[in-house]
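Numbers restart at 1 for each chain; the letters A, B, ... are given by sequence-line order, proteins then strands.
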There are 2 protein chains.
Amino acid sequence: MDQKVIPDIVVGRLPLYLRALQRMLEEGRYITSSQELGERLGISAAQIRKDLSQFGEFGKQGTGYSIDYLAEQIRQILKVDRVWDVVVIGAGDIGSAVARYQGFANRGFRVVMIFDNDPEKIGTQVGQFTVQDIARADELIREAGIRVAMISVPSAEAQAVADQLVDAGAQAILNYAPLSLNVPPEVHVQYIDPVIHLQRMTYYL
Amino acid sequence: MDQKVIPDIVVGRLPLYLRALQRMLEEGRYITSSQELGERLGISAAQIRKDLSQFGEFGKQGTGYSIDYLAEQIRQILKVDRVWDVVVIGAGDIGSAVARYQGFANRGFRVVMIFDNDPEKIGTQVGQFTVQDIARADELIREAGIRVAMISVPSAEAQAVADQLVDAGAQAILNYAPLSLNVPPEVHVQYIDPVIHLQRMTYYL
DNA sequence: TAGATTGTTAATCGATTAACAATC
DNA sequence: TAGATTGTTAATCGATTAACAATC
């Protein structure tokens, strides 16, 4: 079916387009153009049109794009026209902040469980969740059919946690531990490490 | 002096090389090769050699790279052979987690202040810091000559905070609020938005 | 109709890879 | 010396941009 392979770099820009469109909607706007969107994001108008044209024709010549319609189309492409249940492994500062984060709402995700291996933390409350024993993670993730996970454990434990998650059926992992993970090719991993971003900027200072 | 302009995409990979090298050092290793480094990072050996060659000759034919020496060279290139003072604006869950984060140590950064505008939060303790009134941010940032900042305030306030930071002399901003910031061209901005990373993965599920 | 903006093609630009001489 | 690996060049590959016909 999906004959054409879309470059990963194009897929990676769609969430940015979607975020900007949702913001425009909040501002009460109805119509935008590739030029305006590009200015907001620091991306050329031609690139935005080219990216979108990979998936279909969403605009009207002379008019531009219906913000609401284009956002809905991108949501479908990214499969965030539904809500994905997400588990958080590691109930330290970062894991707790993520579990309480309000920013997932309306963007396709919902944290449903948080795990830790520290007996001191198991049973305690983090936002609306009770921290569960990581020993039960495999069972509970399987049962719920959860495919998206976030890792916020110390670096030394991250690879072992990733292995467990893959075993339990996770297919998308967002890793906050500052190291590269080895996972099977069918499992997707993304990384968040603030130091990487900071070091990228100090080069220019 | 710096005649040659290094592509931004190359600069962006150096922190990943550095992180992997520091990990190897912790493992007690002394020597590595472009091939080994590449395997760890999922990057081709040729690309690593090409990237490094933009800055100098750091290896030995037949032998590879001294991990310690290469790490030190990359630290110098990225200007993280020193410690940058960083301020955090916003003492919510994310800002607090960032202010307490142990992962900055030995990687070139140190959080030195955290600010908020909420009277309930000002004066309270976050890790080793007392939350300061954001009204004093400009003065204190200027005084300390701080050039690196992190924004962890609600989206609605992020642009105003960014404007204040730029005004106070910030030149590198790491923004956790889920929106694009407008800053003058000489100011560098990087973004962390977990939803962007997650949406990039659900496309493939 | 005149003006604006899309979707798409072709041209340009830049990044990655393959290959190998140099050399440790 | 033989084997290994760098640094670099040239070839390949892929992404971005410019331009414009189509058309709202």
Look at the side chain of [X] and the backbone N and O of [Y], then say whether any donor-acceptor pair between them is shorter than 3.5 Å.
{"X": "Ser180(A)", "Y": "Leu41(B)", "answer": "no"}
{"X": "Arg142(A)", "Y": "Asp167(A)", "answer": "yes"}
{"X": "Tyr191(A)", "Y": "Leu181(A)", "answer": "yes"}
{"X": "Lys121(A)", "Y": "Asp116(A)", "answer": "no"}

| Validation row: Ser152(A), Val98(A) side chains within 4.5 angstrom (heavy atoms) | no
| query | So what does the secondary structure string of DNA chain C come out as, 5' to 3', with Watson-Crick or wobble pairs under 3.5 angstrom, [ ] for crossing and | for pairs with another strand? | reply | ..||||||||||||||||||||||
| To the nearest 0.5 Å, what is the distance between CD1 (Ile192(A)) and CG (Asp193(B))? | 7.5 Å
| Measuring from Ile114(A):CD1 to Met150(A):CE, what's the distance to the nearest 0.5 Å? | 10.5 Å
| Start at the 5' end of DNA chain D and walk down; is the nucleotide closest to Pro7(A) or to Lys60(A) reached first? | Pro7(A)
| field | 5'-most by nearest nucleotide on DNA chain D - Gln47(A) or Gly56(B) | value | Gly56(B)
| First and last nucleotide of DNA chain C, 5' to 3', lying under 4.0 Å from heavy atoms of chain A | dA4(C) to dT9(C)
| said: Show, in sequence, the C-alpha distance, side-chain angles and deciding distance for Glu27(B) and Arg40(B), and conclude whether the salt bridge (charged side-chain N to carboxylate O under 4.0 Å, His left out) test is met. | reply: CA-CA 14 Å; Glu27(B) 293 167 8; Arg40(B) 290 220 183 188; 2.8 Å; yes
